[in-house]
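What follows is a short report on a single structure.
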Amino acid sequence: MNKIRQARRDDAQRIAEILVFNYRLNFYPIFRDDSFYFEELTVAKQKAQYANMLDRIWVYDDGVVKGFIQIENAEVQRLFVEPALQGNSIGAKLLEYAIVQRNVKFLWALEKNTKAIAFYKRHGFNITNDKKYEE
């Protein structure tokens with residue numbers, strides 16, 4: 001059974017939950033912006049935003065949506081797995097799907113997100129000197 005499928009409207013809530021939990025866990029310690037991470041970044045707001053992007057999102061669903069990947073053109077925009085389920089190859093399967101089925105060629109990760117960088121390197125991506133500044 002293929003566990004990766006195109007996102008549907010009823011996945012928006014779960015996608016938003018996974019995104020919010022990962023942002024708070026991985027990026028709050030870097031940026032430490034209380035107003036963004038605990039007031040602006042809410043599941044309700046993200047659900048509304050992601051409901052309009054479902055054509056660019058694929059989910060890992062084995063009865064429960066456990067992770068998702070957002071792809072635009074040949075670039076991974078976001079790849080997140082439920083934090084409690086990380087380390088179970090869900091992210092690897094989503095990334096492999098993106099490379100093989102969606103012809104993904106590149107992505108970017110925060111320089112301080114060493115866990116993500118190590119993950120992408122294990123899957124064949126290389127670090128470049130290209131920089132993108134994030135507020």
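As the structure is a prediction and not an experimental result, all values here were calculated from the model.
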(message) Running the 4.5 Å side-chain criterion over Ile, Leu, Val, Met, Phe, Trp and Tyr, what cluster does V64 land in, apart from itself?
(response) none
(message) Within the 4.5 Å heavy-atom criterion, are F31 and K112 side-chain neighbours or not?
(response) no
(message) Using 0.5 Å steps for rounding, measure from the OG1 atom of T114 to the NZ atom of K121.
(response) 10.5 Å
(request) Please answer whether the main-chain N or O of A92 pairs with a side-chain N or O of S89 as donor and acceptor at a distance below 3.5 Å. (result) no
(request) Check whether more than 12 heavy atoms from other residues, nucleotides or ligands sit under 6.0 Å from atom CZ of R9, and answer yes or no. (result) no
(request) Please go through Y97's hydrophobic cluster and name the other residues, only I, L, V, M, F, W, Y counting, with side-chain heavy atoms under 4.5 Å joining them. (result) I4, W58, Y60, I69, I71, V76, L79, V81, L85, I90, L94, L95, I99, V104, L107, F119, Y120, F125
(request) Could you check E17 against R14 for salt bridge (charged side-chain N to carboxylate O under 4.0 Å, His left out), going step by step and ending with a plain yes or no? (result) CA-CA 5 Å; E17 290 171 358; R14 188 70 186 110; 3.0 Å; yes
(request) With the side chain counted from C-beta on, respond yes when R5 and D11 share a heavy-atom pair under 4.5 Å apart, and no when they do not. (result) yes
(request) Share the residues that join V100 in a hydrophobic cluster, the rule being Ile, Leu, Val, Met, Phe, Trp or Tyr side chains under 4.5 Å apart at the heavy-atom level. (result) none
(message) Which heavy atom of A16 sits nearest to which heavy atom of K47, and what is that distance?
(response) CB-N, 3.5 Å
(message) Please tell me whether L110 and F106 are part of a single hydrophobic cluster in this structure, the criterion being side-chain heavy atoms less than 4.5 Å apart.
(response) no
(message) Rounded at 0.5 Å granularity, tell me how far CD1 in I18 sits from CD in E82.
(response) 5.5 Å
(message) Counting C-beta onward and ignoring hydrogens, is there a side-chain heavy-atom pair between R56 and Q77 closer than 4.5 Å?
(response) no
(request) Can you establish whether the number of heavy atoms outside N73 located under 6.0 Å from its atom CG is more than 12? (result) no
(message) Distance alone, cut at 3.5 Å: any donor-acceptor contact between the side chains of N22 and Q86?
(response) yes
(message) Quick check on E96: does its CD atom have over 12 non-hydrogen neighbours (other residues, nucleotides or ligands) under 6.0 Å away?
(response) no
(request) Using modelled atom types only, decide if a donor and an acceptor are shared between the side chain of R24 and the backbone of L41 within a distance under 3.5 Å. (result) yes
(message) Suppose we call two aromatic rings close when their centres sit under 6.0 Å apart. Are Y37 and F27 close by that rule?
(response) no
(message) So that I know where these two stand, are F21 and F80 an aromatic pair - ring centroids less than 6.0 Å apart?
(response) no
(request) Group every Ile, Leu, Val, Met, Phe, Trp and Tyr by side-chain heavy-atom contacts under 4.5 Å, then state whether L25 and I30 land in the same group. (result) no
(message) Rounded to the nearest 0.5 Å, what separates atom CZ in R78 from atom CD1 in I15?
(response) 11.5 Å
(message) Please check this pair: side chain of Q6 against backbone of D55, looking for a donor-acceptor N/O pair closer than 3.5 Å.
(response) yes
